[in-house]
**Student:** 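Quick one: structure below, then a few questions.
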Amino acid sequence: MSDLHIRCAVHTDIDTVLRFWREAAEGTSISDDHDGVARLLARDPEALLLAEREGLLVGTVIAGFDGWRCSAYRLAVHPEHRRQGIATALLEAAEQRFAALGGRRVDAMVLEANERAQHTWAAAGYHREDHWRRWVKPL
């Protein structure tokens, strides 16, 4: 993976990231628009991690920390670059960020129907907690 470069996203990456998610991510989020990602970067400039190979975006993860919980979202690897350790490298970078910030546990949002993602998270040492359910309310 020495040719893989992981860096924090900047404002000029937003449109590229949104196009990438449409192709590589499973499902969509209410915040998958320019304003939503811009707010993320304004609030926490180091939260959106990008994996690049030869200048091409091949993976992402949002490693958000609110001072209380570490949350991982939008782990996505381009279909042509999967099974090459990119997700593992992104998760390691996210976990290093969390540890440096004093985080104690990572919560990951994983779609129930995305079995491939569930295997990726499990291989990275994560496990499902069945006694919790996500409750949401759009604003």
Side-chain angles (χ1 to χ4, degrees):
M1 295 271 52
S2 62
D3 64 335
L4 188 70
H5 175 68
I6 297 178
R7 66 175 179 87
C8 299
V10 295
H11 191 79
T12 55
D13 292 314
I14 293 174
D15 291 331
T16 301
V17 167
L18 290 169
R19 281 191 302 275
F20 176 82
W21 284 343
R22 282 193 294 273
E23 185 172 359
E26 188 76 24
T28 58
S29 166
I30 195 169
S31 298
D32 283 359
D33 58 29
H34 195 277
D35 290 342
V37 179
R39 277 190 299 277
L40 170 67
L41 296 180
R43 167 69 174 80
D44 188 351
E46 297 179 353
L48 177 52
L49 302 177
L50 307 181
E52 297 174 321
R53 181 173 281 149
E54 297 178 8
L56 179 68
L57 180 59
V58 295
T60 67
V61 69
I62 297 174
F65 182 64
D66 63 7
W68 181 261
R69 52 186 102 55
C70 306
S71 300
Y73 305 94
R74 284 306 202 198
L75 176 64
V77 175
H78 190 279
E80 294 177 11
H81 295 269
R82 291 181 180 156
R83 307 215 34 90
Q84 298 176 27
I86 295 168
T88 299
L90 282 164
L91 288 176
E92 287 174 359
E95 291 167 5
Q96 289 171 6
R97 176 175 198 259
F98 293 145
L101 292 169
R104 297 179 180 183
R105 182 188 75 194
V106 181
D107 293 330
M109 300 297 295
V110 183
L111 289 172
E112 284 290 321
N114 192 342
E115 289 185 27
R116 183 179 340 150
Q118 292 174 26
H119 292 293
T120 299
W121 287 98
Y126 291 76
H127 66 277
R128 178 184 175 138
E129 284 190 335
D130 289 329
H131 59 279
W132 295 102
R133 287 293 179 260
R134 180 176 175 200
W135 292 41
V136 299
K137 177 184 177 184
L139 300 176

**Student:** Could you check if a side-chain atom of Leu4 sits within less than 4.5 angstrom of a side-chain atom of Val58, using non-hydrogen atoms only?
**Tutor:**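 Yes, close enough: below the 4.5 Å cut-off.
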**Student:** With a cut-off of 6.0 Å (strictly less than), are more than 12 heavy atoms of other residues, nucleotides or ligands near CD of Glu54?
**Tutor:**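 Open: at most 12 neighbouring heavy atoms sit under 6.0 Å from CD of Glu54.
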**Student:** Let me confirm one number: the CG-CZ distance from Asp66 to Arg43, rounded to the nearest 0.5 Å.
**Tutor:** 7.5 Å
**Student:** Between Phe65 and Phe98, how do the two ring planes meet: parallel, tilted or perpendicular, split at 30° and 60°?
**Tutor:** tilted
**Student:** Which value, rounded to the nearest 0.5 Å, describes the distance between Leu91 atom CG and Leu75 atom CG?
**Tutor:** 5.0 Å
**Student:** Out of curiosity, Leu50 CG to Ile6 CD1, how far, rounded to the nearest 0.5 Å?
**Tutor:** 9.5 Å
**Student:** Counting only N and O atoms by type, is there a donor-acceptor contact under 3.5 Å from the side chain of Arg53 to the main-chain atoms of Asp3?
**Tutor:** no
**Student:** Quick one: closest heavy-atom pair of Val77 and Arg82, and the distance?
**Tutor:**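 Smallest heavy-atom distance, with atoms named: O-NE, 2.8 Å.
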**Student:** In Å, rounded to the nearest 0.5 Å, how long is the span from CG of Leu101 to CD of Glu46?
**Tutor:**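 Output value for this atom pair is 7.5 Å.
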**Student:** As a test of understanding, state which of Asp13, Val17, Ile14 forms a side chain to side chain contact (heavy atoms under 4.5 Å, CB included) with Leu41.
**Tutor:** Ile14
**Student:** Whether Asp32 and Arg22 form a salt bridge (side-chain N of Lys/Arg under 4.0 Å from carboxylate O of Asp/Glu) is what I want to check.
**Tutor:**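 No, this pair does not count.
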**Student:** Which heavy atom in Leu40 sits nearest to a heavy atom in Ala47, and how many Å separate them?
**Tutor:** CD1-CB, 3.9 Å
**Student:** How close do Ala63 and Arg97 get, heavy atom to heavy atom, and via which atoms?
**Tutor:** O-NH1, 2.5 Å
**Student:** Considering all heavy atoms of both residues, which atom of Pro45 and which atom of Ala42 are nearest to each other, and what is their separation?
**Tutor:**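 Looks like CD-O, 4.3 Å.
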**Student:** If you define the side chain from C-beta out and look only at heavy atoms, does anything of His34 sit under 4.5 Å from Asp15?
**Tutor:**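 Result yes, sub-4.5 Å side-chain heavy-atom pair found.
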**Student:** Look up atom CG in Leu49 and atom SG in Cys8, then write down how far apart they are to the nearest 0.5 Å.
**Tutor:** 5.5 Å
**Student:** Is it true that a side-chain atom of Thr60 and a backbone atom of Arg74 form a donor plus acceptor pair closer than 3.5 Å?
**Tutor:**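 Yes; at least one donor-acceptor contact below 3.5 Å.
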**Student:** Restricting to non-hydrogen atoms, name the atom on Ala94 and the atom on Val61 that form the minimum distance, rounded to 0.1 Å.
**Tutor:**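 Answer, listing the atom of Ala94 first, then Val61: CB-CG1, 4.3 Å.
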**Student:** Roughly how far, to the nearest 0.5 Å, is CZ of Arg39 from CG of Asp44?
**Tutor:** 14.5 Å
